[in-house]
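Down below is the structure, laid out as structure tokens.
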Amino acid sequence: MLQVAFIREHKEDVIKRLTKRNIDASQMIEEVITLDEERRQLQTQLDNTLAESNSISKEIGALYKSGKASEANVLKEKTTQLKDDSKTLNEQLNDKEEALNNLLYKIPNVPHISVPTGNTDEDNEEVFREGAIPTLHPNAKPHWELVKEYDIIDFELGTKIAGAGFPVYKGKGAKLQRALIAYFLDKNTAAGYNEVQVPHLVNEASALGTGQLPDKDGQMYHAANVDPSLYLIPTGEVPATNIYRGDLLTNTQLPQALTTYTPCFRVEAGSYGAHVRGLNRLHQFDKVEILRVEHPDRSYTALDEMVNHIKGILQELKLPYRILRLCGGDLGFTSALTYDFEVFSTAQDRWLEISSVSNFETFQANRLKLRFKNQDGKIQLCHTLNGSSLALPRVLAGILENYQTEDGIQIPEVLIPYTGFNKI
RNA sequence: GGAGAAUUGGCAGAGUGGUCGAAUGCGGCAGUCUUGAAAACUGUUGAGGGUCACACCUCCGGGGGUUCGAAUCCCUCAUUCUCCGCCA
């Protein structure tokens, strides 16, 4: 969430920049400022009341010590009113803080200057494109047919076991997926990202910290029967980022770079139709994530580094891809700037999103209370960034479709050491 | 799941009703000494709110309570450790 002090000082600018998201935040911003003012007033009143009763308590202590119990009892009566007052003020203050926070939770991150204006994904700006789109043989098929033909992914079996959107990977399909995971993790660790394995369920505080709650409650699976505060992770970003929740890092501890492999669980309510066929949209899928905690001065350099890193992976996989800078209307709630990577699926004749790399600036760090001590000894919020490297099912779909030949599916060269076979 | 013990500042560890945001040690930072470093010595060293700056307020696992006053007493939840049970 945005910092109140920042809103206070850059009111007009915040409102103006939020219009890129096609929202008029002026009323909310005004309300934030009013609530904050009222909050501070109440805080001051409460502080004064407490100060008075503290000093009386000290007097009482001193009187008892010198044996003047009757004088002490007189003072005791004075504190009754103060106690009532402070109790009331405290309640008012809590209400005010809650109202302020609830409002702040509703305000999305301020888009970066380079974010294009626009409403839908059609307004996203293509900033890079690379890789030859292969010419396929006349009998080329979409992946959902290929996987059936070669018996490497079984959607019906997954439906039997769990439900639609929970595929079973079999034989060489399972091996290829495992190969991709290992390859991604190796690339990421070679680039300096520390590998971590994290819980696949998170508590409320964690989901709140990265911004899944309160806004996206319905999109997460909820383990409520066991513990109402437990959710299945929609992305490894949630547990991995929360490693740093509440931390106060030293200047020298920055940057932090992590990579993690996790399954991801998403409700995806009401998603049916051609665009969600096969591997295109699932309730459970695997993903390798990269994540950085950065000094504010370096975060956009870091974002470029992450983009370049993912480029490198796609170049090695020899997949045709493009990079989009998301427009204001398509930008995620918590993000200031996001680049999406899309692989061209030749057989489906469309682009598939396989990675999303974002700079959240201080938006998550503020909720997480993730700070560092700068060179002057001042405490500042860190910037957090993350990206997929990569989302497995769609990379898999891209490989199956782009690498298909009339007598089988080729395996990208870099993966052969991992799969142990070169053709399906 | 059952029984017992514990949770204090970056770490270790004192503190059982007032003068405790908290002794002491280690670590960190600055200085003295040194050609430099080490050692030694001296000083300094938690966070949040608030203020132009002070003052002041809050925080000793979380929440609630008792009291004029709580790190200290009570309730409750969480976590950790030990023993038992169960188990990949």
Side-chain angles (χ1 to χ4, degrees), chain A residues 1-9 32-101 103-104 197-209 213 223-231 239 242-254 256 263 293 362 365-382:
Chain A
M1 74 189 149
L2 298 174
Q3 296 170 86
V4 178
F6 182 83
I7 292 176
R8 215 190 297 151
E9 284 157 32
V32 165
I33 290 171
T34 310
L35 283 170
D36 179 50
E37 235 158 63
E38 291 168 355
R39 194 212 97 227
R40 279 183 295 161
Q41 263 175 28
L42 284 167
Q43 181 80 63
T44 308
Q45 285 179 46
L46 176 63
D47 285 358
N48 291 338
T49 310
L50 289 172
E52 199 178 337
S53 90
N54 283 346
S55 84
I56 291 177
S57 290
K58 273 183 191 162
E59 274 183 63
I60 291 172
L63 286 171
Y64 271 126
K65 213 162 237 182
S66 52
K68 298 171 183 166
S70 59
E71 287 181 43
N73 286 331
V74 174
L75 281 179
K76 271 191 197 178
E77 284 168 30
K78 277 178 74 177
T79 60
T80 322
Q81 184 63 41
L82 289 172
K83 276 176 84 175
D84 281 355
D85 289 352
S86 63
K87 195 172 180 186
T88 314
L89 285 167
N90 204 351
E91 278 164 10
Q92 288 174 348
L93 182 65
N94 287 340
D95 289 350
K96 201 59 78 177
E97 277 175 348
E98 202 187 326
L100 180 59
N101 276 330
L103 189 57
L104 285 170
Q197 287 191 8
V198 292
H200 299 164
L201 274 76
V202 291
N203 58 30
E204 223 164 67
S206 295
L208 208 64
L213 289 178
N225 63 325
V226 179
D227 179 345
S229 79
L230 270 187
Y231 294 85
N242 274 281
I243 286 175
Y244 298 101
R245 175 152 46 90
D247 280 5
L248 177 53
L249 304 172
T250 62
N251 204 26
T252 52
Q253 284 176 293
L254 292 177
Q256 293 281 316
V293 179
T362 59
N366 190 33
R367 288 195 187 186
L368 293 161
K369 299 270 173 295
L370 166 53
R371 300 154 303 161
F372 74 103
K373 215 168 244 188
N374 68 20
Q375 276 174 316
D376 304 329
K378 292 247 169 68
I379 290 167
Q380 278 182 266
L381 290 172
C382 301

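Atoms considered below: every heavy atom in the structure, side chains included; atoms not considered: hydrogens, waters and symmetry mates. So you know, we letter chains A, B, ... as the sequences are listed, proteins then strands, and number each from 1.
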Checklist outcome for this item: The side-chain contact (heavy atoms from CB on, under 4.5 Å) partners of A/Gln41 (sequence neighbours excluded) come to none
Item to check | Complementary nucleotide of B/rG85, counting Watson-Crick and G-U pairs under 3.5 Å | outcome: none
Listing time: all N or O pairs from protein to nucleotides 65-70 of chain B that are below 3.5 Å?
from	atom 1	to	atom 2	distance (Å)
B/rC68	O2'	A/Ser57	OG	3.1
B/rG69	O4'	A/Ser57	OG	3.3

Checklist entry - Does B/rU51 pair with anything, Watson-Crick or G-U wobble, both distances under 3.5 Å, and if so, with which nucleotide? => result none
Next on the checklist: Going by side-chain contact (heavy atoms from CB on, under 4.5 Å), name the residues that satisfy it together with A/Thr250, two or more places apart in sequence or in a different chain.
Outcome noted: A/Thr252, A/Gln253
Checklist entry - With both distances under 3.5 Å as the test, what is the Watson-Crick or G-U wobble partner of B/rU7? => result B/rA78
Next on the checklist: When the C1' atoms of B/rC73 and B/rU66 are compared, how many Å lie between them, rounded to an integer?
Outcome noted: 8 Å
Next on the checklist: I want to confirm an ordering. Mapping A/Ile379 and A/Asn94 to their closest nucleotides on RNA chain B, which one lands closer to the 5' end?
Outcome noted: A/Ile379
Please list each protein N or O that sits under 3.5 Å from an N or O in nucleotides 26-31 of chain B, with the distance.
none

Checklist outcome for this item: The side chain to side chain donor-acceptor pair (under 3.5 Å) partners of A/Arg371 (sequence neighbours excluded) come to none
Item to check | Length of the CG-P vector between A/Leu208 and B/rG62, whole Å | outcome: 18 Å
For residues 50-61 of chain A, run the donor-acceptor check on the side chains, cut-off 3.5 Å, and write out each pair with its distance to 0.1 Å, sequence neighbours left out.
from	atom 1	to	atom 2	distance (Å)
A/Asn54	ND2	A/Leu50	O	3.4
A/Ser55	OG	A/Glu52	O	3.1
A/Ser57	OG	A/Ser53	O	3.0

Check: residues 81-90 of chain A side-chain donor-acceptor pairs under 3.5 Å, at least two apart:
from	atom 1	to	atom 2	distance (Å)
A/Gln81	NE2	A/Asp85	OD1	3.0
A/Ser86	OG	A/Leu82	O	3.3
A/Ser86	OG	A/Lys83	O	3.0
A/Thr88	OG1	A/Asp84	O	2.8

Item to check | Rounded interatomic separation in angstrom, taking CD from A/Glu37 and P from B/rG49 | outcome: 17 Å
Next on the checklist: Using a heavy-atom cut-off of 4.0 Å across all strands, would you classify A/Lys373 as base, sugar-phosphate, or nothing?
Outcome noted: sugar-phosphate
Identify each atom pair where a protein N or O and an N or O of nucleotides 56-61 of chain B are less than 3.5 Å apart, giving names and distance.
from	atom 1	to	atom 2	distance (Å)
B/rC57	OP1	A/Asn54	ND2	3.2
B/rC57	O2'	A/Asp47	OD1	2.8

Item to check | salt bridge (Lys or Arg N to Asp or Glu O under 4.0 Å) involving A/Asp47 - partner list, sequence neighbours excluded | outcome: none
Item to check | Listed partners of A/Gln380 passing side chain to side chain donor-acceptor pair (under 3.5 Å), at least two apart | outcome: A/Asn374
Checklist outcome for this item: Rounded to whole Å, the CG-P distance (A/Leu100 to B/rG49) equals 13 Å
Checklist entry - Who are the ring pair (Phe, Tyr, Trp, His ring centres under 6.0 Å) partners of A/Phe6, not counting sequence neighbours? => result A/His10
Checklist entry - Do the side chains of A/Lys96 and A/Leu35 get nearer than 4.5 Å, heavy atoms only? => result yes
Item to check | With A/Leu254 via side-chain contact (heavy atoms from CB on, under 4.5 Å) - residues at least two apart | outcome: A/Leu249, A/Val293, A/His295, A/Phe372, A/Cys382
Checklist entry - Rounded to whole angstroms, how far apart are CG on A/Asn203 and C1' on B/rU79? => result 13 Å
Checklist entry - Which nucleotide, in any strand shown, forms a Watson-Crick or G-U wobble pair with B/rG43, with both distances under 3.5 Å? => result B/rC29
Checklist entry - Mind checking the C1' distance from B/rC57 to B/rU44? Whole angstroms is fine. => result 25 Å
Next on the checklist: Tell me which one of A/Leu368, A/Leu208, A/Val202 satisfies side-chain contact (heavy atoms from CB on, under 4.5 Å) with A/Asn242.
Outcome noted: A/Leu368
